[in-house]
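Single-structure report; data block below.
Reminder, nothing fancy here: chain letters follow the sequence lines and each chain counts from 1.
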There are 2 protein chains.
Amino acid sequence: MKNKRILVITGNGKGKTTAAIGIIIRSLGHEKKVGFFKFFKSKLSGEDKILKKLGVRIFQFKKAQFFNPQKIPKNLIKECEALWQKVLKNKDQFDLIVLDEINLALSAQIITKKDFINFAQNTKANLICTGRAAPIWLKKIADTVSEIKDIKHDLGIGNQTQQGIEF
Amino acid sequence: MKNKRILVITGNGKGKTTAAIGIIIRSLGHEKKVGFFKFFKSKLSGEDKILKKLGVRIFQFKKAQFFNPQKIPKNLIKECEALWQKVLKNKDQFDLIVLDEINLALSAQIITKKDFINFAQNTKANLICTGRAAPIWLKKIADTVSEIKDIKHDLGIGNQTQQGIEF
């Protein structure tokens, strides 16, 4: 019997990863150890550097690229599998494991339902799974599912190339 | 013409404030100065201590309390007004101003539409407004509106009094 949670952050709105980062900060505030696994990404962003400074361990793809989610290129499938092996290898080191954009790898069955559930049963860490199109079975086993809906959306806060607001 | 954004994070789902915290971390990654104004709250949480360490300036109520949002007690109205004055006083110090839970103060007209718009027109900072029930006029002037929907929700990740997951 483990005191563990699975949180799924899905939906077409912006802010799934930033929401996860907020929870990371909250966990760090309670002195938890955090592993941040970034599927389909290979760059350290500004916020990642801060997370690293705060002691978060970040794992990601060696080389990401743009792709059509309907047809994931083979090299990215391999990257998914390699990153998943890192999840399995390091799972016992963390109190919170963030699996950023894993929902796509799950819905494409690059990581199977069976493998994921086996992993989830064998870790003591809380889990956060982000990404559009979370599979239904994941929502079922999750404790919390948040859907971020895009009600209105420009190119996003901080986009310096966009013209500003005029009332 | 200012290169500024207004982002509204609303909805009945959990994660509005954590989503804002994620954006704060992203902004800090770009070396932005951040002011975090917490309406209806008076405690520094674990994550706030980390934000403070990272240089975020936090402002909040002197004394918060539970209340019925339909009937906001007078002392909290005064706290709102006092915190709003701090927003106005400090607005030029920040690149990003997070107005956590302000949506309630706006929909209850403790801070009027006119006052808010006047402020927004006169700051260079990006603004994030969080809280349920954002007023319609705020969504209209916002660049981005994210609604966090509660699809499924237990007592929340990290709630240690809850029993764990059993597959």
Side-chain angles (χ1 to χ4, degrees), chain A residues 1-11 13-15 17-32 45-51 54 96 117 120-121 126 128 139 141-154 156-160 162-167, chain B residues 1-11 13-15 17-32 45-51 54 96 117 120-121 126 128 139 141-154 156-160 162-167:
Chain A
M1 288 291 305
K2 289 162 194 164
N3 222 334
K4 172 176 60 177
R5 292 282 173 287
I6 299 179
L7 166 62
V8 174
I9 306 175
T10 190
K14 220 177 136 64
T17 300
T18 42
I21 290 172
I23 298 167
I24 291 175
I25 298 297
R26 182 161 286 179
S27 298
L28 294 174
H30 296 285
E31 289 168 21
K32 303 293 184 192
S45 57
E47 67 264 26
D48 291 337
K49 286 168 203 163
I50 289 180
L51 294 176
L54 293 171
L96 173 67
I117 289 183
Q121 283 176 319
N126 287 315
I128 302 178
K139 293 185 194 177
I141 65 167
D143 300 84
T144 306
V145 179
S146 282
E147 184 182 332
I148 301 190
K149 270 181 73 175
D150 209 358
I151 304 294
K152 184 177 176 183
H153 190 205
D154 70 353
I157 199 164
N159 186 319
Q160 297 303 323
Q162 278 290 299
Q163 211 173 34
I165 292 147
E166 277 190 280
F167 290 100
Chain B
M1 286 291 303
K2 289 163 194 165
N3 223 334
K4 171 176 61 178
R5 292 282 174 285
I6 298 179
L7 165 61
V8 174
I9 306 174
T10 190
K14 224 178 132 64
T17 300
T18 43
I21 290 171
I23 298 167
I24 290 175
I25 298 297
R26 183 161 285 177
S27 298
L28 293 174
H30 296 285
E31 289 169 23
K32 303 293 185 192
S45 57
E47 68 265 27
D48 291 336
K49 285 168 203 162
I50 290 179
L51 294 176
L54 293 171
L96 172 66
I117 289 182
Q121 284 176 319
N126 286 316
I128 301 178
K139 294 186 194 177
I141 64 168
D143 300 83
T144 306
V145 179
S146 281
E147 185 182 330
I148 301 189
K149 269 181 73 175
D150 210 359
I151 304 293
K152 184 177 177 184
H153 189 205
D154 71 352
I157 198 164
N159 187 321
Q160 297 303 321
Q162 279 290 298
Q163 211 172 34
I165 293 149
E166 278 190 281
F167 289 100

Ranked by heavy-atom pairs below 4.5 Å to chain A, first place among B:G13, B:A142, B:A20 goes to B:A142
Part of B:S146 within contact of chain A (heavy atom distance under 4.5 Å): both
In the structure I gave you, are the side-chain heavy atoms of A:I141 and A:I6 within less than 4.5 Å of one another anywhere? yes
I need the minimum non-hydrogen distance between B:K139 and B:V145, along with the two atoms involved. O-CG2, 3.9 Å
Min side-chain heavy-atom separation A:I21-A:L51 under 4.5 Å: yes
Does any backbone or side-chain atom of A:I50 lie under 4.5 Å from a heavy atom of chain B? Answer side chain, backbone, both or neither. side chain
Which of the residues B:L28, B:T18, B:I148, B:T10 is involved in the greatest number of heavy-atom pairs with chain A at under 4.5 angstrom? B:T18
Quick check: closest heavy atoms across B:E147 and A:I151, and the distance to 0.1 Å? OE1-CD1, 3.3 Å
B:I128 and side-chain contact (heavy atoms from CB on, under 4.5 Å): which partner among B:T144, B:L96, B:V8? B:L96
Is chain A contacted by the side chain of B:L54, its backbone, both, or neither, given a heavy-atom distance below 4.5 Å? side chain
